[in-house]
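This report concerns only the one structure given below.
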Amino acid sequence: MIAQPAPKRDVMARRDIIVAGLGRLVPETGLIADPIRLKPYETDGLSAYRQTPMAVILPETTEQVAAIMAFCHREGVRVVPRGAGTSLSGGALPMEDSVVLGLMRMNRILEIDYADRCAVVQAGVTNIGITQAVQAEGFFYAPDPSSQLACMIGGNVNMNSGGAHCLRYGVTANNLLGLRIVTVEGDIIDIGGAHLDAAGYDWLGLLTGSEGQLAVVTEVTVRILRSPEGARAMLAAFSANEIAGACVDAIIGSGIIPVALEFMDRPAIHACEAFAHAGYPLDAEAMLIIEVEGSVAEQDYMLDRIRDICNRFDPVSLRVSQSAEESLAIWKGRKGAFGAVGRISPDYLCMDGTIPTSRLAEVLGRIGAMSAACGLQVANIFHAGDGNLHPLIMFDANDPTSFHKAETFGADILRLCVEVGGCLTGEHGVGVEKRDLMGVQFTDIELDQQRRVKSAFDPGWLLNPSKVFPLKPEPAAA
Amino acid sequence: MQTHFTEAQLRDPDTSVANQILRTCVHCGMCTATCPTFVLLGDELDSPRGRIYLIKDMLETGRPASEEVVRHVDRCLSCLACMTTCPSGVNYMHLVDHARTYIEATYRRPVHDRALRAVLAAVLPRPALMRLTLKGAKLARPFARLLPRKGMFALRLRALLKLAPATVPPASPTEIPASHPALGTRRARVALLAGCAQQVLDPAINEATIRLLTRMGVEVVVAEGAGCCGAVTHHMGKHDPAMASAAANIAAWTRELEGPGLDAIIVNTSGCGTTVKDYGFMFRTAEPGLRAQAERVSALTLDISEYLTKIGYAPTRPAPGLTIAYHAACSLQHGQKVTAAPKTLLRTAGFTVKEPAEGHLCCGSAGTYNLMQPEIATRLRTRKLENIRATGADLIAAGNIGCMTQLAGDTMPVVHTIELLDWMAGGPAPEGIATHGA
Ligand code: SF4
Ligand code: SF4
């Protein structure tokens with residue numbers, strides 16, 4: 001179990017008073033404080049780490065969030081913000097003395113402006129919910145993390161989430177226009193808005209990816225884009241990871257930027273096929289999903305060029321999707337990949353690092369060797385276009401040594417990413433999972449500098465304090 | 001995900017199955033988004049993942065079900081949208097069924113709750129009793145306004161009175177066990193689950209089914225001794241009566257199978273179909289003979305739309321120029337994963353078929369749910385009807401009597417898919433349909 005900061009004794013002692021005070025801030029069903037009902041909130045998408053919080057509170061308005069933050073600030077209570085609880089890095093892992101601030105009741109679309117191509121939504125709207133609200137008018141919201149069906153935009157902002165189509169459209173940060181936030185003291189502040197650049201410092205840039213440590217996001221203004229005329233996916237299968245990796249390099253090197261370029265290795269192909277029945281090539285060692293979009297003529301032109309490049313690498317098979325349903329099935333497999341691994345293994349750790357694409361084959365080779373050495377299987381999924389690697393380490397949580405091995409294996413993979421010139425996190429955030437590895441990437445001076453940013457927003461370290469930074473007795477002063 | 005059962009606990013076959021299901025869940029949270037109660041209530045505890053966690057904790061600790069757990073499990077519609085969404089293949093249905101049985105065995109419900117459940121469990125599966133009760137409810141309806149405005153009990157009673165149809169149709173001859181011979185050359189022989197509540201509320205559904213099938217050369221038998229499928233009591237966690245109903249059906253159909261023979265068992269109420277298709281699992285620990293019979297029955301069971309697709313359906317009348325909003329019953333789309341067949345059949349029959357937005361969300365009927373949880377059920381009904389109305393269709397078609405009752409009484413007529421298919425293949429127009437152009 002992961003180390004957590006010691007609970008604040010004074011807070012624990014005043015538990016009943018604090019719970020009663022919180023109860024006055026939201027409607028009756030919005031406060032959970034009995035042990036049985038708190039239990040399901042003890043963890044998120046990284047279920048190996050668990051800790052039951054003191055209370056869960058479910059506000060419905062920004063004003064309620066402000067009241068809660070003001071109250072917790074006054075009482076010195078730690079707060080862990082939570083959206084859909086799909087974080088794979090334990091971003092919403094509670095602490096024993098914390099209040100979990102769940103934003104899932106704030107799930108309304110507030111405003112859609114097609115002329116200016118933006119939408120204002122509450123933090124608890126799901127990622128796909130934004131696209132669903134605007135697609136009838138021919139628009140969509142671009143970032144598409146695999147959990148887009150369930151994950152919420154507030155969490156996307158805090159983790160700066162990416163997704164398969166980021167290659168073309170950028171990550172969350174590139175698709176944001178404004179935020180309404182509540183500070184740790186309980187003040188409501190608007191940042192940015194429906195225009196391109198804000199005056200002064202780039203607060204939006206600072207808050208995006210701040211992992212719930214600087215402020216609570218309650219409303220988000222996102223850019224919506226015109227849906228492309230059409231899109232088509234192509235499956236290219238190869239006889240070795242190295243060959244597929246070289247093919248990725250050749251595609252990117254040729255100047256073509258597909259909208260998505262995804263890599264799956266053999267175990268991943270098999271797990272996903274069992275779930276999605278998309279006709280993935282089960283005889284291949286590695287597979288690429290390559291998607292292009294535009295008019296039919298544009299698609300044909302791009303697909304022809306990509307097919308020519310793939311053919312230079314002696315593919316096992318090449319298949320272009322013939323219908324919308326077929327494309328949907330192809331993506332269903334890829335997007336359900338993590339859960340699909342749950343079919344072949346009771347548990348997995350989903351790692352998230354980045355590497356230079358040119359080192360892909362080498363990195364996969366070394367991951368394979370580590371896997372053999374520690375006796376745990378691994379399936380690799382890779383946003384190949386932008387170098388974001390997701391090895392899924394399969395283990396058995398009911399066996400403590402297996403979990404320990406998985407943790408060590410995971411840490412070794414991330415060290416390897418840094419070693420080859422990549423980085424610790426692509427899009428899942430640091431959370432608790434990669435907290436203790438931050439020293440591999442940053443020097444103490446760099447870390448302290450980042451801690452000072454946190455202290456400037458939250459001097460008492462009340463907001464999600466156990467994440468991102470290796471635990472230290474004394475937080476650095478601003 | 002990790003579980004904490006002792007060796008001794010795992011020796012219990014039911015706990016062992018629950019453990020396997022829990023181990024398949026990777027706690028990814030994908031299922032929350034398509035769960036109707038999570039969408040409405042915005043609390044992890046009213047989501048599939050939250051319920052799975054509550055159930056896990058209850059079973060691991062082995063403590064009796066508590067009011068907190070019961071509250072959230074009771075709110076589950078058993079719509080099984082979570083199973084459609086889950087990439088990991090978690091069998092939520094079997095887990096929640098087990099939890100309901102566990103609750104029934106270890107939790108003492110408040111007296112009015114217990115009374116309502118006992119009444120529903122006694123009345124719904126028995127057509128004669130149900131008919132009598134509905135007539136009584138009709139008489140009692142004017143008194144509904146005397147009920148207090150608030151409180152779960154009053155709300156439920158009001159829901160009960162509201163659902164009672166204005167006219168209770170007389171008993172249909174199809175209720176009597178009999179064989180309905182094929183017209184022309186016989187190509188197959190099937191058993192029809194005549195059901196319980198459905199034949200009281202809307203006997204036209206079975207009549208249309210029998211008419212269409214016999215016209216297509218299929219002999220249809222309503223087997224002696226078959227009755228309620230057991231779903232009503234099963235979903236209340238009343239294990240023994242549910243198993244008794246199921247066993248009676250298995251025995252009745254096995255007699256037919258081993259006697260004159262059966263090519264299929266046809267169900268035209270998808271809620272029941274989901275349960276009959278699960279008989280094999282329900283009798284997994286029964287003695288081998290009975291288990292094999294149950295498995296055979298489940299394997300032979302088909303929804304009417306699956307069967308018609310299999311034998312090939314063709315209309316004989318010209319297209320009526322009607323647009324249909326097809327309402328996908330949860331038991332059909334999530335429980336049985338039958339999604340394309342009904343729509344394709346309706347299109348073949350000459351209708352324009354529209355699919356309402358949020359088709360994956362339950363209408364709130366969910367068996368007896370609209371009586372037990374009237375508030376959530378009403379919100380879901382309103383949302384469903386808004387989406388249906390937005391299609392601009394002329395009428396609603398569905399393959400489940402529960403949904404039909406729930407969606408009735410709004411601006412659009414609601415009919416069973418089979419009534420429309422029968423009509424276009426030579427049968428009478430369903431009641432309440434304007435037959436312009438036909
Ligand atoms: S989607 Fe499936 S695996 Fe994921 S939390 Fe839900 S039940 Fe568990
Ligand atoms: S069966 Fe329906 S209501 Fe119950 S948890 Fe699953 S999705 Fe939610």
Side-chain angles (χ1 to χ4, degrees), chain A residues 29-30 32 34-37 39-48 50 56 58 60 82 84-88 102-107 124 126 128-129 132 136 146-152 272 274-276 332-333 335-343 345-348 350 396-398 403, chain B residues 1-5 10 19-35 38-58 60-61 63 65-72 75 81-82 84-90 340 357-358 360 390:
Chain A
T29 60
I32 297 157
D34 57 282
I36 289 179
R37 300 199 318 138
K39 194 89 174 157
Y41 280 98
E42 70 180 8
T43 184
D44 56 12
L46 180 59
S47 66
R50 302 178 290 272
V56 172
L58 307 172
E60 288 161 29
R82 175 181 170 113
T86 51
S87 171
L88 290 165
L103 290 140
M104 51 268 216
R105 287 195 172 169
M106 296 185 59
N107 62 358
T126 58
I128 204 151
Q132 281 167 350
S146 295
S147 57
Q148 69 181 141
L149 179 68
C151 66
M152 295 172 178
C272 296
F275 161 59
K332 183 179 171 199
K335 299 218 161 168
F338 299 164
V341 166
R343 289 170 180 251
S345 166
D347 303 276
Y348 63 76
C350 173
D396 177 353
N398 278 10
F403 174 55
Chain B
M1 73 186 148
Q2 191 176 8
T3 55
H4 303 87
F5 290 105
L10 290 177
N19 179 52
Q20 280 159 25
I21 299 170
L22 290 165
R23 295 284 277 137
T24 324
C25 172
V26 291
H27 210 261
C28 66
M30 292 289 244
C31 53
T32 57
T34 52
C35 171
F38 181 76
V39 170
L40 289 189
L41 304 172
D43 183 346
E44 173 91 15
L45 302 170
D46 291 310
S47 80
R49 186 174 66 171
R51 292 188 177 107
I52 289 171
Y53 221 83
L54 287 169
I55 294 169
K56 165 171 138 51
D57 189 45
M58 172 174 81
E60 283 172 348
T61 56
R63 59 160 191 261
S66 62
E67 186 278 324
E68 292 89 350
V69 176
V70 174
R71 193 190 319 163
H72 297 291
R75 280 189 198 148
C82 45
T84 299
T85 305
C86 175
S88 211
V90 171
E358 298 189 325
H360 63 280

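Naming convention: chains lettered A, B, ... in sequence-line order (proteins, then strands); numbering from 1 in each chain.
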Can you tell me how far [atom2] of [Y] sits from [atom1] of [X], rounded to the nearest 0.5 angstrom?
| X | Y | atom1 | atom2 | answer |
| --- | --- | --- | --- | --- |
| A/Thr29 | B/Leu41 | OG1 | CG | 8.0 Å |
| B/Cys25 | A/Asp347 | SG | CG | 9.5 Å |
| B/Asp43 | A/Arg105 | CG | CZ | 5.5 Å |
| A/Ile32 | B/Leu45 | CD1 | CG | 4.5 Å |

At their closest point, which heavy atom of [X] faces which heavy atom of [Y], and how far apart are they?
| X | Y | result |
| --- | --- | --- |
| A/Met104 | B/Gly42 | CG-O, 3.3 Å |
| A/Thr86 | B/Cys28 | CG2-O, 3.3 Å |
| B/Gly29 | A/Ala150 | O-CB, 3.4 Å |
| B/Glu68 | A/Asp34 | CG-OD2, 3.4 Å |

Residue, of A/Thr43, A/Thr126, A/Val341, that accumulates the most heavy atom pairs under 4.5 Å with chain B: A/Thr43
Please classify the contact of [X] with chain A as side chain, backbone, both or neither, using a heavy-atom distance under 4.5 Å.
| X | result |
| --- | --- |
| B/Thr3 | both |
| B/Cys86 | backbone |
| B/Val39 | backbone |
| B/Thr32 | side chain |

With distance as the sole test, does [X] use its side chain to make a donor-acceptor pair with the main-chain N or O of [Y] at under 3.5 Å?
| X | Y | value |
| --- | --- | --- |
| B/His27 | A/Leu46 | no |
| B/Tyr53 | A/Lys39 | no |
| A/Asn398 | B/Gln2 | no |

Greatest number of heavy atom pairs closer than 4.5 Å to chain A - which of B/Arg51, B/Glu44, B/Arg49, B/Arg23: B/Arg23
Which portion of [X] sits near chain B, non-hydrogen atoms under 4.5 angstrom:
| X | value |
| --- | --- |
| A/Ser146 | backbone |
| A/Asn107 | side chain |
| A/Lys332 | neither |
| A/Met152 | side chain |
| A/Glu42 | side chain |

Partner residues of A/Cys350 under the side chain to side chain contact (heavy atoms under 4.5 Å, CB included) criterion, sequence neighbours left out: A/Leu88, A/Phe338, A/Tyr348, A/His390, A/Leu392, A/His428
Trace of the side-chain contact (heavy atoms from CB on, under 4.5 Å) decision for A/Ile36 with B/Val69: CA-CA 8 Å; A/Ile36 289 179; B/Val69 176; 3.7 Å; yes
